Amino acid sequence: MAAALLLAVLLPLVATPSRAAAPAARAASTAAFQLHGDVYPTGHYYVTMNIGNPAKPYFLDVDTGSDLTWLQCDAPCRSCNKVPHPLYRPAQNRLIPCADSLCTALHSGLGTNNKCPSPKQCDYRIKYTDSASSQGVLINDNFSLPLSKSSNIRPSLTFGCGYDQQVGKNGAVQAVTDGLLGLGRGSVSLLSQLKQQGVTKNVLGHCLSTKGGGFLFFGDDIVPTSRVTWVPMARSTSGNYYSAGSGSLQFDGRSLGVKPMEVVFDSGSTYTYFTAQPYQAVVSALKGGLSKSLKQVSDPELPLCWKGQKAFKSVFDVKKEFKPLSLSFPNAKNAVMDIPPENYLVVTKNGNACLGILDGTSPKLSFNVIGDITMQDQMVIYDNEKAQIGWVRGPCSRSAKSILSSFP
């Protein structure tokens, strides 16, 4: 299976100012999209984006841990992986010049290795934490967005035309998607561009279902007015990520005794990653609380697994054997994220229950990552307007069409 850890490396600490905002020709609206995929066995959640003129569908991996959206691209392609749709073919007049402010912003975020061989185009090479990478040029084209306050709109947005892709250690770039939807905090992010053009507010949210699928939205029209747990966005120590600041870890309501740890929310990460000390504390606590009916077993899917007296069919067969975890955030009053067993366990095709929290030592993470597994069955909201991150439990089975039709 493919397990992604898609955090772009060497991101700037603050979003770089982009071009002047286009005058808003319409009231800011909300766009909603159906999600596909799952934590296991697919390894990620993805959305269909209709791009170009005429518009053609492309599957994009939803990633809040990086800024740049890119498609595998016939420019021509130097190294492309198998994709579900024909490769995107860019038009020559769609190239973004090197002097463009979004090119400058992207290069400043990716470090000094990104330069323009020609003033006519903006070249980039982006590398992710799991060693996957994409190399290409910036272009712009029309994206068809289903909006709440009108039937459809087709803004011209800047993204990467990737002609050289390398698969990461976990096989993150695979045949199920055509590219990546970068929804980070930087100005080259599609969300920032939509805000600049007055299309939507700089707010996004997703609801990832344990049954597979879910929904994604841009804008704040469907953000609940109550029951949401909010924490202020903190400046990450390692980049421009969606950081909730320091969180304290509890097991079955009791502190694990590890010092508070920086927590980053990343939809491009299949699993949750803890740095060495909290990871070892969680593993020790889990092992100490298990009944004798569970035996540790080797499983090629994940590092730490257990088998029962008979094969498990779902997490709900085994969740009663495990205790809940939780994260409390001292920089927000009474802010707690509950992590029940179904938000940290995976039942594999071999019928074993495996820990979906991984050791962040190998990818050299200096912070802790809340991945898809822990964000399932709750709406997670990244509100860049108010600089806060929120979550609220609830079913993720609503269709994007029903969400949009609920508005006047």
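All residue numbers refer to positions in the sequence shown, counting from 1. Please read these numbers as outputs of a predicted model, since none were measured by experiment.
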Enquirer: How would you list, by chain and number, every residue that makes a salt bridge (charged side-chain N to carboxylate O under 4.0 Å, His left out) with R227, sequence neighbours excluded?
Expert: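 Not a single residue meets the salt bridge (charged side-chain N to carboxylate O under 4.0 Å, His left out) criterion with R227.
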Enquirer: Might you work through the side-chain hydrogen bond (donor to acceptor under 3.5 Å, both in side chains) test for D67 and S189, ending with a clear yes or no?
Expert: CA-CA 4 Å; D67 293 340; S189 163; 5.3 Å; no
Enquirer: What pairs with D220 under salt bridge (charged side-chain N to carboxylate O under 4.0 Å, His left out), at least two apart in sequence or on another chain?
Expert: K201
Enquirer: Between C116 and C98, is the SG gap short of 2.5 Å?
Expert: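 Judged by the SG atoms alone, which are under 2.5 Å apart, C98 and C116 are bridged.
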Enquirer: Not counting sequence neighbours, which residues clear ring-ring contact (aromatic ring centres under 6.0 Å, His included) with F159? List them please.
Expert: Y88, F143
Enquirer: Search all heavy atoms of P57 against all heavy atoms of T48 and return the closest pair with its distance.
Expert: CB-CG2, 3.9 Å
Enquirer: Are S156 and N142 close enough that a side-chain donor and a side-chain acceptor fall under 3.5 Å?
Expert: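 No, no side-chain donor-acceptor contact under 3.5 Å.
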Enquirer: At their closest point, which heavy atom of L145 faces which heavy atom of P155, and how far apart are they?
Expert: CD1-CG, 3.8 Å
Enquirer: Could you please spell out the steps behind the side-chain hydrogen bond (donor to acceptor under 3.5 Å, both in side chains) verdict for T272 and T374?
Expert: CA-CA 7 Å; T272 289; T374 302; 2.6 Å; yes
Enquirer: Please list all pairs meeting disulfide (SG to SG under 2.5 Å) that have one or both residues in residues 176-252, counting only residues at least two apart or in different chains.
Expert: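 Those involving residues 176-252 are C207-C396.
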Enquirer: Side chains of S144 and N50: is there a donor and an acceptor less than 3.5 Å apart?
Expert: no
Enquirer: Any side-chain donor-acceptor pair under 3.5 Å between T270 and D372?
Expert: no
Enquirer: Could you check whether the rings of H85 and Y58 sit parallel, tilted or perpendicular, using 30° and 60° as the cut-offs?
Expert: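 If you compare the ring of H85 with that of Y58, the planes turn out perpendicular.
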Enquirer: Checking A75 now: which residues fulfil side-chain contact (heavy atoms from CB on, under 4.5 Å) with it, not counting sequence neighbours?
Expert: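 With sequence neighbours excluded, A75 shows a side-chain contact (heavy atoms from CB on, under 4.5 Å) to C73, P90, C161, Y163, given in chain and number order.
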Enquirer: Mind checking what makes ring-ring contact (aromatic ring centres under 6.0 Å, His included) contact with Y242, not counting sequence neighbours?
Expert: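 Scan of Y242 (ring-ring contact (aromatic ring centres under 6.0 Å, His included), adjacent residues dropped) gives Y382.
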Enquirer: Quick one about S187 and S192 (side-chain donor to acceptor, distance below 3.5 Å, no hydrogens or angles considered), yes or no?
Expert: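 There is no such pair between these side chains.
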Enquirer: Is it the case that S399 and S402 place a side-chain donor and acceptor less than 3.5 Å from each other?
Expert: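 There is such a pair between these side chains.
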Enquirer: Give me the atom names and distance for the closest heavy-atom approach of L60 to L180.
Expert: CD2-N, 3.7 Å
Enquirer: Of all the heavy-atom pairs spanning G245 and N331, show the shortest one and how long it is.
Expert: CA-ND2, 4.3 Å
Enquirer: The criterion is side-chain contact (heavy atoms from CB on, under 4.5 Å); which residues satisfy it with P330, sequence neighbours excluded?
Expert: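 Expected list: none.
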Enquirer: Hydrogens and angles aside, do S291 and E321 bring a side-chain donor and acceptor to less than 3.5 Å of each other?
Expert: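 Yes - a donor-acceptor pair under 3.5 Å links their side chains.
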Enquirer: Does the pair T210 and D377 meet the rule for a side-chain hydrogen bond (donor to acceptor under 3.5 Å, both in side chains), with working shown?
Expert: CA-CA 6 Å; T210 49; D377 287 342; 2.8 Å; yes
Enquirer: So with a 6.0 Å cut-off around CZ of R89, is the heavy-atom count from everything else above 12?
Expert: no
Enquirer: If I compare all heavy atoms of L294 with all of G308, which pair ends up nearest, and what's the gap?
Expert: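 That would be CD2-CA, 4.0 Å.
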Enquirer: Pairing donors with acceptors under 3.5 angstrom, does anything connect the side chains of S328 and Q250?
Expert: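 Their side chains do contain a donor-acceptor pair, which is all the 3.5 Å distance test asks for.
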Enquirer: Which pairs, with at least one residue in residues 321-343 and sequence neighbours excluded, count as a ring pair (Phe, Tyr, Trp, His ring centres under 6.0 Å)?
Expert: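 As it turns out, the ring pair (Phe, Tyr, Trp, His ring centres under 6.0 Å) pairs with a partner in residues 321-343, which skip direct neighbours, are W306-F322, F329-W391.
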Enquirer: Among H36, H206, Q376, which residue meets the side chain to side chain donor-acceptor pair (under 3.5 Å) test with Y45?
Expert: Q376
Enquirer: The criterion is side-chain contact (heavy atoms from CB on, under 4.5 Å); which residues satisfy it with K349, sequence neighbours excluded?
Expert: Y40, E301
Enquirer: Could I get the full list of ring-ring contact (aromatic ring centres under 6.0 Å, His included) partners for F312, not counting sequence neighbours?
Expert: none
Enquirer: Restricting to side-chain contact (heavy atoms from CB on, under 4.5 Å), what partner residues turn up for K295, sequence neighbours left out?
Expert: K307
Enquirer: If only atom types and distance count, is the side chain of Q135 paired as donor or acceptor with the main-chain N or O of I126 below 3.5 Å?
Expert: no
Enquirer: Ring centroids only, cut at 6.0 angstrom: are F218 and F33 within range, meaning strictly under it?
Expert: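 F218 vs F33: aromatic centres under 6.0 Å.
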Enquirer: Sequence neighbours left out, what pairs pass salt bridge (charged side-chain N to carboxylate O under 4.0 Å, His left out) with at least one residue falling in residues 132-143?
Expert: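 Qualifying pairs, neighbours excluded: R94-D141.
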Enquirer: Centres of the F265 and Y241 rings: under 6.0 Å?
Expert: no
Enquirer: Please report the C-alpha distance between Y124 and S134 in whole Å, then the side-chain angles of each, then the deciding distance to 0.1 Å, and finally whether the side-chain hydrogen bond (donor to acceptor under 3.5 Å, both in side chains) criterion is met.
Expert: CA-CA 8 Å; Y124 72 86; S134 175; 3.3 Å; yes
